[in-house]
S.K.: 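Here it is, the structure in full.
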Amino acid sequence: MMITVDEALERILSYVDVLEPEEKPLLEALGQVLAEDVTSDFSIPPLDNTAMDGYAVRAEDTAGASQDSPVQLHVTGEVAAGYIFEGEVAAGTAVRIMTGAPVPAGADAIVPFEETDEPFGQAPERAHQVDATVQVFKEAQPGANIRRAGEDVRKGQLVMRKGRVLRASEIGVLSSLGRASAKVIRRPVVAILSTGDELVEAGQPKPPAKIYDANAYGVGALVRRYGGVPRLLGIAKDTVDALTAKIHEGLDADMLVTSAGVSRGDYDMVKEVLAREGEIDFWTVAMKPGKPLAFGCFRKEGRQVPHIGLPGNPVSSMVTFELFGRAALMKMMGKTDWQRPVIKAVAEERIVNRDDPRRFYARCVVTERDGRYYVSLTGPQGSGMLTSMVYANALTVIPAEVDEVQPGEEIDVIMLDWSHGEEWGTASPQEAGP
Ligand code: AMP
Ligand code: MG
C-alpha cells in the first residue's frame, strides 16, 4: 500500500506517547522539556543595587553640579557586591560603590565614576580613599543607575511554565532561582539495530564482499543530536534466530529502530521476524529516498515499544529517520513545536522528478545572497551515496506531481542546519557538488 509522508507521520505519532518526568541536574537537562511550573520564593535582584561603579549619593546634594562648578562630597565608606553597607549616606556625603552592591540607606542615586574626578579604570593608588573628597561634575536624578529589587523576578512570580524547552537561557534562569536540578521529561532510549549478512562493524577487518555498517552510527548520531539516548545493538545476521535475539535485546528501550531487510530481497528475514514477534505494517511511503518503511509495535511486560524499520540504503535510512524517527523522539520528549523550518529557495539548477511520482527529498545546499535563498543539489542523489548527505544543509521538498523544476523557480526546502556550515560542519557551497 502506498501512503503519503503525512499519513505515515500521523500513524507513527499515534503510537508514541510523552515519557514520564525525571529530576535532572541542570546542565544535563539541556534540550529537555520542563515538567513543572517554576515559581520564585524570592526576588531577583533581592535588594535595590547599583548598575554602575561609582558613588552612592543623595540626588538632591548634586543639584546644580557641572564641569565648571562641581559639588564636593565627603567619602565615608566603600561597599562591594555581596556586602551591605552598615552606615547611612547622610547629607553632603557619598559612599564608593561597585556594580551589584546594594544601595546604602539614605542614598537614592548612583553617580558613575565617569561623572566624578575619579575616572573609571583609575589605578588603585589614584582612587579616592575613605575620608577623601569626591567632586561630582553632573547632577544626578533620583533613581539614577539603580536596579530595583524584583525588577527581573518578583517573589512568588510564575517564572516558567511546564512545557518549556530548556535552552541555555532557561538553565541560567533556573540556576538564578537557586535550583540545582529541574523536573523534565526524560530522554528516550532508542535501541538501534543494523541487519544484513553483508555488514561488518567499524574497526573490524573487512572481507572484500562486505561493507561497514553506516546506519547504526548515522542514525545513532541523529538520535543523540535530537536529545535521545542511542543504544547500539550491533549487527544481526539475516537469520530468524539472530534477528529474534537482537530484537528482544532492544525491547527495554523506548523505541526500536532497525535498518534494512524490509524490501523484497530473498534474504531479508526482518519482515518475517517482525511479523511474528509483534504487530507490524509495511508501508510504501511516497517519498524519495526511502520507499519501503516498516512500522509496528512490540509488547513487553505490558509496555508497548514502537518500532521503525528503516530502509537499508544509508541515505534512505537517515532521511526517513529525519522525517519520522525525529518526530517520534520529539513527541516522546514532550516537545510540541518541533517542525523544521521550511523556506522558499530559488533553484540554481534543473531538478528532475519524473521517473516515479514520489515526493523528492533531494540533498541540497542552501545559501543566502542579498536576502534571498538559493538551492543547489549536492551532486549525484543515489540513495546509497552517503556523502551526498555530508555536503547537505537542507532537503528539497519537490511534490510528487512536479516532474521538473527549472533554474530560477522557487521551491520549498527543509532546513537541517541553519548555521551555514559552522556549527555542524556542513560544507561550504564551493566544496559541495560533483
Ligand atoms: P536491504 O534493505 O536489506 O535490501 O538493503 C538495501 C541496501 O542497503 C543494500 O545495498 C545493503 O547492503 C545496504 N545496507 C543495509 N544496511 C546497511 C548499513 N547498516 N550500512 C550500510 N549499508 C547498508
Ligand atoms: Mg539486506
Side-chain angles (χ1 to χ4, degrees), residues 5 8 12 31 187-204 206 210-236 246 250 253-263 268 270 285 287-295 306-330 338 340 361-365 377-396 414-417 419 421 423-427 431-432:
V5 170
I12 289 174
R187 297 184 190 280
V189 175
V190 180
I192 299 170
L193 177 63
S194 298
T195 72
D197 283 352
E198 73 277 35
L199 302 179
V200 176
E201 180 89 40
Q204 300 299 312
K206 192 185 76 62
K210 307 277 179 182
I211 57 173
Y212 285 120
D213 172 13
N215 295 351
Y217 288 88
V219 170
L222 289 177
V223 167
R224 185 167 285 174
R225 175 177 179 185
Y226 298 134
V229 180
R231 214 174 87 211
L232 303 194
L233 300 176
I235 297 164
K246 282 288 189 188
D254 299 301
M255 180 160 81
L256 172 66
V257 176
T258 58
S259 66
V262 291
S263 50
D268 294 332
V270 176
V285 182
M287 62 179 281
K288 272 188 304 194
K291 188 150 63 168
L293 187 75
F295 185 78
H307 164 239
I308 303 183
L310 304 174
N313 280 310
V315 171
S316 309
S317 85
M318 287 193 74
V319 172
T320 47
F321 189 85
E322 275 287 350
L323 296 178
F324 304 116
R326 176 177 175 274
L329 276 184
M330 294 288 138
W338 49 262
R340 284 200 172 284
Y361 295 98
R363 280 70 67 202
C364 62
V365 184
L377 302 192
T378 57
Q381 296 288 316
S383 56
M385 298 164 79
L386 198 50
T387 49
S388 74
M389 286 289 282
V390 169
Y391 302 131
N393 63 354
L395 297 172
T396 67
I414 302 176
M415 294 308 297
L416 300 176
D417 295 294
S419 54
E423 186 185 2
W424 294 101
T426 46
E431 193 187 343

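All heavy atoms count here, side chains included; hydrogens, waters and symmetry mates do not. A quick note: this is a predicted structure, and the numbers were derived from the prediction, not measured.
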S.K.: Look at the side chain of Lys246 and the backbone N and O of Leu233, then say whether any donor-acceptor pair between them is shorter than 3.5 Å.
M.R.: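 Yes; at least one donor-acceptor contact below 3.5 Å.
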S.K.: Give me the atom names and distance for the closest heavy-atom approach of Leu199 to Asp213.
M.R.: CD2-CA, 4.3 Å
S.K.: Hydrogens and angles aside, do Tyr226 and Glu322 bring a side-chain donor and acceptor to less than 3.5 Å of each other?
M.R.: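 Side chains of Tyr226 and Glu322: pair found under 3.5 Å.
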S.K.: Has Asp254 got a side-chain atom pairing as donor or acceptor with Val189's backbone, closer than 3.5 angstrom?
M.R.: yes
S.K.: Before giving the answer on side chain to side chain contact (heavy atoms under 4.5 Å, CB included), spell out for Leu310 and Asn215 the whole-Å C-alpha distance, their side-chain angles and the decisive distance to 0.1 Å.
M.R.: CA-CA 9 Å; Leu310 304 174; Asn215 295 351; over 6 Å; no
S.K.: Working to the nearest 0.5 angstrom, can you tell me the gap between Lys288 NZ and Ser383 OG?
M.R.: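 Answer for the NZ-OG pair, Lys288 versus Ser383, is 11.0 Å.
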S.K.: Can you name the closest pair of heavy atoms from Val223 and Pro230 and give their distance?
M.R.: CG1-N, 3.7 Å
S.K.: Does Leu323 offer a backbone N or O that forms a donor-acceptor pair with the side chain of Tyr361 under 3.5 Å?
M.R.: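 The answer is no, because no donor-acceptor pair under 3.5 Å joins these two groups.
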S.K.: For the residue pair Phe321 and Leu329, establish whether any side-chain heavy-atom pair is separated by less than 4.5 Å.
M.R.: yes
S.K.: Applying side chain to side chain contact (heavy atoms under 4.5 Å, CB included), run through Thr396 and Leu377 and close with a yes or a no.
M.R.: CA-CA 9 Å; Thr396 67; Leu377 302 192; 4.0 Å; yes
S.K.: Nearest 0.5 Å, please: how far is CG in Asn313 from CE in Met318?
M.R.: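 Rounded to the nearest 0.5 Å, the CE-CG separation comes out at 13.5 Å.
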S.K.: State, with a plain yes or no, whether a side-chain heavy atom of Phe324 is found less than 4.5 Å away from one of Val5.
M.R.: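 A side-chain contact under 4.5 Å exists here.
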S.K.: Please round to the nearest 0.5 Å and tell me the distance separating atom OG of Ser194 and atom OH of Tyr217.
M.R.: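 Result: 9.0 Å between the selected atoms.
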S.K.: Just wondering, do His307 and Val257 contact through their side chains at under 4.5 Å, heavy atoms?
M.R.: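 Val257 does not reach His307 side chain to side chain.
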S.K.: Using every non-hydrogen atom in the two residues, find where Ala394 and Met415 come nearest and quote the distance to one decimal.
M.R.: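 In terms of heavy atoms, the two residues are closest at CB-SD, 3.9 Å.
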S.K.: So, does Arg326 use its side chain to make a donor-acceptor pair with the main chain of Trp338 at under 3.5 Å?
M.R.: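 Between the backbone of Trp338 and the side chain of Arg326 there is a qualifying donor-acceptor contact (under 3.5 Å).
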S.K.: Under the 3.5 angstrom rule, does the side chain of Lys210 hit a backbone N or O of Asp197 as a donor-acceptor pair?
M.R.: yes
S.K.: First locate atom CE of Met287, then atom OG1 of Thr320, and finally report the distance between them rounded to the nearest 0.5 Å.
M.R.: 6.0 Å
S.K.: Taking side chain as C-beta onward, heavy atoms only, is Ser317 less than 4.5 Å from Val219?
M.R.: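 Side-chain contact under 4.5 Å: yes.
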S.K.: Can you tell me if Arg187 uses its side chain to pair, donor with acceptor, with the backbone of Gly227 under 3.5 Å?
M.R.: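 Flag set: sc Arg187 to bb Gly227 pair under 3.5 Å.
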S.K.: Could you pull out the closest heavy-atom pair between Asn393 and Val365, with the gap in Å?
M.R.: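 Looking at all heavy atoms of both residues, the shortest contact is OD1-CA, 3.4 Å.
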S.K.: Of all the heavy-atom pairs spanning Arg231 and Gly250, show the shortest one and how long it is.
M.R.: NH2-CA, 4.2 Å
S.K.: Can you tell whether the side chains of Asp417 and Arg340 come within less than 4.0 Å, N to carboxylate O?
M.R.: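 Arg340 and Asp417: not salt-bridged.
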S.K.: Answer whether the closest heavy-atom distance between the side chains of Tyr391 and Arg363 falls below 4.5 Å.
M.R.: no
S.K.: State, yes or no, whether a side-chain contact exists between Met389 and Val319 at a heavy-atom distance under 4.5 Å.
M.R.: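 Contact flag for Met389/Val319 side chains = yes.
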S.K.: Would you name the heavy atoms of Arg225 and Leu416 that are closest together and state the gap between them?
M.R.: NH2-O, 3.0 Å
S.K.: Report yes if the side chains of Val315 and Ser388 come closer than 4.5 Å at any heavy-atom pair, otherwise no.
M.R.: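 Contact flag for Val315/Ser388 side chains = yes.
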S.K.: Can you find a heavy atom in the side chain of Ser259 that is under 4.5 Å from one in the side chain of Leu193?
M.R.: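 Result no, sub-4.5 Å side-chain heavy-atom pair not found.
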